[in-house]
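In the text below, chain A, chain B and the rest are named by the order of the sequence lines, each starting its count at 1.
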Number of protein chains: 2
Amino acid sequence: MKDRISAYDVARKASVSQSTVSRVLNNYPHIKESTKQKVLIAIEELGFTRDEIARSLASNKTRTIGLIVGDITNPFFAESAKVITGKAQERQYDVILCNTNHNEENLNKYIQTLKGKRVDGIIIASADKNNERIKELYNQNFPVILFNSILEHEKANYIAVNNYKGAKIAVEHLYQLNHRRIGYIAGPSKYLTTHLRNLGYEEVLKELGIERNDEYIYNKEFSYDEVYHFTKALLKKRDRPTSFFAASDQMALAVLDAAASENIKVPEQLSVIGFDDIDLARNQYIGLSTITQPKEKMATLALEKLISLIEDGEENDAGFQIILEPDLIQRKTTGFLVEKST
Amino acid sequence: MKDRISAYDVARKASVSQSTVSRVLNNYPHIKESTKQKVLIAIEELGFTRDEIARSLASNKTRTIGLIVGDITNPFFAESAKVITGKAQERQYDVILCNTNHNEENLNKYIQTLKGKRVDGIIIASADKNNERIKELYNQNFPVILFNSILEHEKANYIAVNNYKGAKIAVEHLYQLNHRRIGYIAGPSKYLTTHLRNLGYEEVLKELGIERNDEYIYNKEFSYDEVYHFTKALLKKRDRPTSFFAASDQMALAVLDAAASENIKVPEQLSVIGFDDIDLARNQYIGLSTITQPKEKMATLALEKLISLIEDGEENDAGFQIILEPDLIQRKTTGFLVEKST
DNA sequence: CTGTTAGCGCTTTCAT
DNA sequence: ATGAAAGCGCTAACAG
């Protein structure tokens, strides 16, 4: 690795001071055109690029943000990450990707190291509902936005969908299709968003007068394999559910996987509805019915809001809480249940 | 944002010098146990965390690497990113995610900003085959590893699968299933890996004595929508292909999508095979036949090699080129073609 | 074993 | 309009 070329080298070559070099680099208004050109030429000839680390140290800004997700392999997060990194690039920010595997300890570690690296702000897409580190960030007025996550705090900033309502819509849809035995792949209760989906499920059952059957409910961690095995076992039973609501499309795919492994036809013998509306759900070979979240909009908002928090220092004494509306999208995996005469 | 607590504050509180604080932070060997304790206590009481930016500036290391992918939304990249970030975290590195949307200009910009941010190394998963910026990196002995990408250069480091062979295996598989009209969703030729898949396709047709039909070949950019429309139009024709080989599973999904939209049954009326073996391919509801790449191994290797390049400065005068073997995995989307008497 | 001191390469007053 | 100089918060010789 050859020696770096510093702004001093440029300065010497252009016969100006290093601070002048800095000024042209930063587009300061009052520079004589001729000296500006001298500097520009010297920069060009030396192939100089400025050291952002030194710049960060001096300016106390890094133009880097952190993005913490539970699982980048879940298309919902990948699709969100894509728009976030895209918008970030437009605004000249870079993003450090942190994948927690839905593990709170990892989340905490990542928050720690991101702060150490002095990122300008953090978007957290998988925030445990009472996480103390996140509350600390809010208390310190550190720019943080929860994305598809909620955490109750006086200064909390979050963007999410009405998860409670989304879950209700999903289950009502199944009910209208004549389903009464409705299985549920719950999301982890440690996230407030999935917890709300869980409450929505329970509430709507009550409203519809269906008794909850705990055997139909998976409520452990988000794990594809575990959901697969749970569902497979459940589907072998005589009184198996005729339908499933899964708290994420990813988990709905695991249900479909299990159903296929048991040669159960969807939707004739089993209806499945997910949550998120990942791009794949729209694929007509799959055609997953789901509850849609306006993820592009959410992701864009999250990034824009974060940047205004960072750059305008926007007094967010109250914080902001944005809740968008979910929608039902019926595709091929849910259908009317024809009662067996059996 | 309250004022940062610096190592000086800790030093004062512990009545030692700042460099001693630095020493305990860095686990220097010869420190008296008692002063070490004093320092540790002071750190604890003040809630001090060191400033990694300052540290980076002084030490000329950032413990950050860049990961450049064409599209994080493609499960192959997301799955790779997951293992890379995971392993990186174990080794105390963070990763800046760069999503190029398969655009070389973006790639170049990202290389530029990553160097500006002084990352310790870069993994490039979508490297255009003659990219000059990448060659520059090699010439400067900057730690770079191409992942699932190849670029000819005397010092090149890359890890990829035998793409040529993979493509041949795929087409041969189709041939053995009695297919003669074999459509091909080519990857962009600008990537050497996909280019090699393209060559493999051509070569095997030649070997099998099948004449190439350019109408059957899609060879524009990797775009889900375009592939979808191309395939849909092609499938409407009388002499449509009876099978497709797609240069990525993501594109194979687009083919399946189009087939479903035309009510064409897979595999009875159309066989489809992809490349990559994304997790979803294994889902039995989908059951995508594909060519597998040992992606976990590849990703792990990429990260480990990169770190040894960074830390051991490992003299890689020759660079290293690792080519792994692909394998055929037949699932549900490919089947024997029964000739119509029509 | 520990303190002193000089950077790392910028930004940013403060002068002029 | 531009230069000088003081940091930013660390690491890393160099002394002792």
Side-chain angles (χ1 to χ4, degrees), chain A residues 1-40 42-43 46-64 92 113 115-120 311, chain B residues 1-40 42-43 46-64 92 113 115-120 311:
Chain A
M1 198 84 45
K2 58 188 174 196
D3 277 351
R4 288 203 117 258
I5 294 153
S6 79
Y8 275 103
D9 302 325
V10 175
R12 199 174 323 117
K13 180 142 194 161
S15 331
V16 295
S17 75
Q18 182 268 324
S19 33
T20 299
V21 175
S22 175
R23 288 193 183 96
V24 345
L25 248 19
N26 292 297
N27 284 310
Y28 269 72
H30 311 294
I31 310 175
K32 213 201 304 175
E33 188 56 30
S34 63
T35 70
K36 183 170 178 172
Q37 289 310 320
K38 274 194 301 186
V39 173
L40 257 17
I43 287 176
L46 273 64
F48 165 82
T49 50
R50 76 178 150 202
D51 186 321
E52 297 294 337
I53 292 291
R55 198 167 179 232
S56 295
L57 182 61
S59 67
N60 206 21
K61 289 173 180 26
T62 53
R63 294 203 83 83
T64 302
Q92 323 250 54
T113 76
K115 284 211 69 182
K117 289 213 166 146
R118 289 236 212 141
V119 296
D120 294 337
E311 297 184 352
Chain B
M1 200 82 49
K2 58 187 173 196
D3 276 351
R4 288 202 117 261
I5 294 153
S6 80
Y8 276 103
D9 303 324
V10 176
R12 198 174 323 116
K13 180 141 193 160
S15 331
V16 296
S17 76
Q18 184 267 323
S19 37
T20 298
V21 175
S22 175
R23 288 192 183 98
V24 345
L25 249 20
N26 291 298
N27 283 310
Y28 269 73
H30 311 294
I31 309 175
K32 212 202 303 175
E33 190 55 29
S34 63
T35 72
K36 182 169 179 172
Q37 289 310 321
K38 273 195 303 188
V39 172
L40 257 18
I43 287 176
L46 272 58
F48 164 82
T49 50
R50 76 179 150 203
D51 187 323
E52 296 294 336
I53 293 291
R55 197 168 180 230
S56 295
L57 182 60
S59 67
N60 207 21
K61 289 173 180 26
T62 54
R63 296 204 82 84
T64 302
Q92 323 250 53
T113 75
K115 284 210 66 182
K117 288 212 167 148
R118 290 237 211 141
V119 295
D120 294 337
E311 297 185 353

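- Taking atom CD on B:Gln37 and atom P on C:dT2, their separation rounds to 12 Å, with Å as the unit.
- Nearest nucleotide to the side chain of B:Ala7, out of C:dT13, D:dC10, C:dC10: D:dC10.
- If you take CZ of B:Arg63 and C1' of D:dC10, they are 16 Å apart, rounded to a whole angstrom.
- Atom CD1 in B:Ile43 sits about 13 Å away from atom C1' in D:dC10, given to the nearest Å.
- No side-chain N or O of B:Lys115 forms a donor-acceptor pair with one of A:Thr49 less than 3.5 Å apart.
- A donor-acceptor contact under 3.5 angstrom links the side chains of B:Ser17 and B:Thr20, judged on distance only.
- Side-chain contact check for B:Lys117 and B:Thr64: no donor-acceptor pair (N or O, by modelled atom type) lies under 3.5 Å.
- Taking only distance into account, the side chain of A:Ser19 never meets the base of C:dT11 through a donor-acceptor pair shorter than 3.5 Å.
- The shortest side-chain heavy-atom distance between A:Arg55 and A:Asn26 falls under the 4.5 Å cut-off.
- The side chain of B:Ser22 contributes no N or O atom lying less than 4.0 Å from OP1 or OP2 of D:dC10.
- With the nearest nucleotide of DNA chain D identified for both B:Gln18 and A:Ser17, A:Ser17 has the one nearer the 5' end.
- In this structure, the CG atom of A:Asp9 is 14 Å from the C1' atom of C:dC8, given to the nearest Å.
- The closest side-chain heavy-atom distance from A:Ile43 to A:Leu25 is below 4.5 Å.
- For D:dG3, the base has a donor-acceptor partner in the side chain of A:Arg23 [N/O atoms by modelled type, under 3.5 angstrom].
- Residues A:Leu46 and A:Arg12 form no side-chain contact, since every pair of their non-hydrogen atoms from C-beta on lies 4.5 Å or further apart.
- Straight-line distance from the CG atom of A:Asn27 to the P atom of D:dT2: 14 Å, rounded to whole Å.
- The interatomic distance linking A:Asn26 (CG) with C:dT13 (C1') rounds to 15 Å, in whole Å.
- The nearest pair of heavy atoms linking A:Val39 to A:Val16 is CG2-CG2, 3.9 Å.
- Between the P atom of C:dG9 and the CZ atom of A:Arg12 lies a distance of 12 Å, rounded to the nearest Å.
- In the set D:dA1, D:dG3, C:dT2, the nucleotide with an atom closest to the side chain of A:Thr20 is D:dG3.
- Here A:Arg63 contributes atom CZ and A:Glu52 contributes atom CD; the two are 9.0 Å apart, rounded to the nearest 0.5 Å.
- Checking side-chain atoms of B:Asp51 against main-chain N and O of B:Ile53 turns up a donor-acceptor pair under 3.5 Å.
- Taking every side-chain heavy atom of A:Tyr28 into account, C:dT12 is the closest of C:dT4, C:dT12, C:dC1.
- Within residues 50-62 of chain B, the residues approached by DNA chain C to less than 4.0 Å at the level of any non-hydrogen atom are B:Leu57, B:Ala58, in residue-number order.
- The CG atom of A:Leu25 sits 7 Å away from the P atom of C:dT11 (whole-angstrom rounding).
- For the pair A:Arg118/A:Leu57, a side-chain contact is recorded, criterion being any heavy-atom separation below 4.5 Å from C-beta on.
- For the helix from C:dC1-D:dG16 to C:dT16-D:dA1, the end axes, each set by the C1' atoms of five terminal pairs, are bent relative to each other by 40° (nearest 10°).
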